[in-house]
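Notes follow the structure.
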Amino acid sequence: MIGQHKSTLNTPCLVIDKDKLVQNINDMQAFALKHHKSVRPHAKTHKCTEIAKLQRQQGAIGICVTKVSEALVLAEHGITGILITSPVVTDSKLNMLSKVCQLAPDTMVVCDSFANAEELNQLALNHLKQNMNVIVDIDAGIGRTGVSFEHAVALARHIHELSHLNLKGIQCYAGHFQHITDYNKRQEASSLLLKKTGEIKAQIEAQTGLKNLIQTGSGTGTYAIDCNIQSVTEIQPGSYTVMDKEYFDIESINSFLPAMTLLSTVISANHDTHVTVDAGLKALYKDPTKPQIISHDNLYYDWDYFGDEHGKVTGKVLPKLGDVIEMVVPHCDPTINLFDQFYITENDIVTDIWSINLRGKSQ
């Protein structure tokens, strides 16, 4: 496969233009550096240790993951600066966390409850040779994870007082703000929330005597806004690496390039109204936003009850049997999780194959 033109690949498959990927990574890094912020990008998007290593090489201070099983794969591949952005509970996951911390001792994990803080302290006491690094997770208003603003300072003080935990800072990630299409509304919402979060950080520092605590969060939709908040120390965007149609439709986010595309082949062309391609629900995560076909003009993809394996393409001039359709996916994160590998290209020629080796790590 190395040396092939991407159009000859077996489809459906995911292709990454390496030059565009590197440019996206460098552009985010340069923007953050200009605003005196650090980048700890989120690997939940690409789920690939090769991309995580590239991000670290280009200046990222670490890598975020949602699940402890993802963190373990990163640690096994020598990646440090890991932040687990979702609470880790249950014995099996805590045991996995101890393995991560042994491989990557600077790993940090979020905590949003007094009970979980006690669990983490016992884990560090019984299984680690050092204290565990903990970030207080604050509920940004989604109601998903995170302690309330009302109780965040008390939780932080409790973590600081526990014998085997190091309080490193706070996290407030507003996922529900990332796709607000109007820039002014998105700016107002994120700025208000993160300034309020910064006030919590200041209270924690005053009451614990700690200095220079981390304030982390942010995403591809709000990174440019959040970098202007003084209390924010780092951002954790994910989708900017490869981009998707959802983010391209959002005002001010379209400066990043469509580094990743999906290739699909026309496998049936028996109708005047449409053709059928080999990418259905099992290859292309269904989202209210539809894919954008970029290989042909005025063609449109729809799942349209075509089933798990097939998609429907319509347009005035239909492609022919065997034609390859290239499209920007609607939502990159869950689509990537459907595949085992990326085909890496330069000038449309396959130069490498990178394993999506965090795929399926949902524990």
Side-chain angles (χ1 to χ4, degrees), residues 1-26 28 41-58 60 63-65 67 69-79 82 238-245 256-267 277-285 291-295 308-309 311 322-362:
M1 296 178 185
I2 305 299
Q4 289 183 220
H5 192 277
K6 67 181 182 181
S7 63
T8 65
L9 290 169
N10 197 11
T11 64
C13 63
L14 294 180
V15 173
I16 289 181
D17 184 311
K18 188 174 182 181
D19 290 337
K20 292 179 180 179
L21 173 70
V22 171
Q23 183 171 331
N24 287 345
I25 292 172
N26 287 341
M28 181 64 78
H42 216 302
K44 67 180 180 179
T45 293
H46 55 70
K47 287 183 167 284
C48 173
T49 53
E50 290 298 326
I51 296 180
K53 288 177 181 178
L54 184 59
Q55 289 171 314
R56 289 287 269 142
Q57 290 166 7
Q58 301 304 111
I63 301 293
C64 291
V65 291
K67 302 299 180 73
S69 56
E70 296 174 314
L72 183 58
V73 177
L74 291 183
E76 288 172 342
H77 283 78
I79 294 171
I82 300 167
S239 299
Y240 78 99
T241 51
V242 296
M243 289 298 286
D244 57 32
K245 185 62 168 61
F256 294 104
L257 302 173
M260 184 190 80
T261 53
L262 184 143
L263 302 183
S264 184
T265 302
V266 177
I267 60 169
V277 296
D278 60 3
L281 290 171
K282 289 183 180 178
L284 192 56
Y285 177 80
Q292 179 181 358
I293 295 175
I294 61 173
S295 56
D308 296 341
E309 312 293 350
D323 281 357
V324 174
I325 306 297
E326 183 173 17
M327 63 189 90
V328 177
V329 305
H331 192 177
C332 53
D333 298 35
T335 295
I336 289 170
N337 199 49
L338 299 172
F339 288 85
D340 291 326
Q341 57 199 12
F342 294 120
Y343 292 95
I344 308 303
T345 66
E346 297 179 55
N347 298 318
D348 293 336
I349 302 300
V350 179
T351 58
D352 210 343
I353 300 172
W354 291 352
S355 173
I356 304 172
N357 48 359
L358 275 62
R359 181 212 174 175
K361 301 300 181 182
S362 301

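Residue numbers count from 1 along this sequence.
Shown here are the salt bridge (charged side-chain N to carboxylate O under 4.0 Å, His left out) partners of Glu326, two or more places apart in sequence or in another chain: Lys6. In this structure, the side chain to side chain contact (heavy atoms under 4.5 Å, CB included) partners of Thr351, at least two apart in sequence or on a different chain, are Ile344, Glu346. Under the rule for a side chain to side chain donor-acceptor pair (under 3.5 Å), Lys44 has no partner lying at least two apart in sequence or in another chain. Not counting sequence neighbours, Thr335 has no partner by the side chain to side chain donor-acceptor pair (under 3.5 Å) test. In this structure Glu309 satisfies the side chain to side chain donor-acceptor pair (under 3.5 Å) test together with Lys282, sequence neighbours excluded. Scored by the side chain to side chain donor-acceptor pair (under 3.5 Å) test, Gln4 finds Thr8 as partners (sequence neighbours excluded). Leu72 is linked by a side chain to side chain contact (heavy atoms under 4.5 Å, CB included) to Glu76, Met96, Lys99, Val100, Leu103, counting only residues two or more places apart in sequence or in another chain. Applying the side chain to side chain contact (heavy atoms under 4.5 Å, CB included) criterion to Asp278, with sequence neighbours excluded, gives Thr11, Pro12, Ser264, Thr265, Ile267. Contacts of Asp340 classified as salt bridge (charged side-chain N to carboxylate O under 4.0 Å, His left out), with partners at least two apart in sequence or in another chain: Arg359. The ring pair (Phe, Tyr, Trp, His ring centres under 6.0 Å) check on Phe256 picks up Tyr223, Tyr240, with sequence neighbours excluded. Applying the side chain to side chain contact (heavy atoms under 4.5 Å, CB included) criterion to Ala43, with sequence neighbours excluded, gives His46, Ile63, Val65, Leu358.
Counting heavy atoms from C-beta on, the side chains of Lys53 and Ile79 come closer than 4.5 Å. No side-chain heavy atom of Leu263 sits under 4.5 Å from any side-chain heavy atom of Tyr343. Phe342 has its side chain out of reach of Val242: every pair of non-hydrogen atoms, C-beta onward, lies at least 4.5 Å apart. Using a 4.5 Å heavy-atom threshold, the side chains of Pro41 and Met28 count as separate. Contact of the His77 side chain with the Asn357 side chain is registered, since non-hydrogen atoms from C-beta on lie closer than 4.5 Å. A 4.5 Å side-chain heavy-atom check between Pro291 and Ile293 finds every atom pair outside the cut-off.
Nearest heavy-atom pair, Leu284 versus Pro330, reported as atom, atom and distance to 0.1 Å: CD1-CD, 3.9 Å. Taking both residues in full, the closest heavy atoms of Pro258 and Lys20 are given as O-CD, 3.9 Å, listed atom of the first, atom of the second, then distance. Nearest heavy atoms, Val328 versus Lys245: CG1-N, 3.7 Å. The two residues Leu14 and Ile336 make their nearest non-hydrogen contact at CD1-CA, 3.9 Å. When all heavy atoms of Leu338 and Tyr285 are compared, the pair lying nearest together is CD1-N, 4.0 Å. Gly238 approaches Thr45 most closely through the heavy-atom pair C-OG1, 3.1 Å.
More than 12 heavy atoms of other residues, nucleotides or ligands shown are found within 6.0 angstrom of CG on Asp308.
Put simply, CD on Gln55 and CD on Glu50 are 12.0 Å apart, with the number rounded to the nearest 0.5 Å. Distance check: Gln23 CD to Asp17 CG gives 9.5 Å after rounding to the nearest 0.5 Å. Interatomic distance, CG of Leu262 versus CE of Met327, reported as 5.5 Å (0.5 Å rounding). In this structure, CD1 on Ile51 lies 4.0 Å from CD1 on Ile16, to the nearest 0.5 angstrom. Taking CD1 from Ile349 and OG from Ser7, the interatomic distance works out to 8.0 Å, rounded to the nearest 0.5 Å. The distance from the NE2 atom of His42 to the OG1 atom of Thr241 is 12.0 Å, given to the nearest 0.5 Å.
Sorted pairs that involve residues 257-267 and meet salt bridge (charged side-chain N to carboxylate O under 4.0 Å, His left out), not counting sequence neighbours, are lacking altogether.
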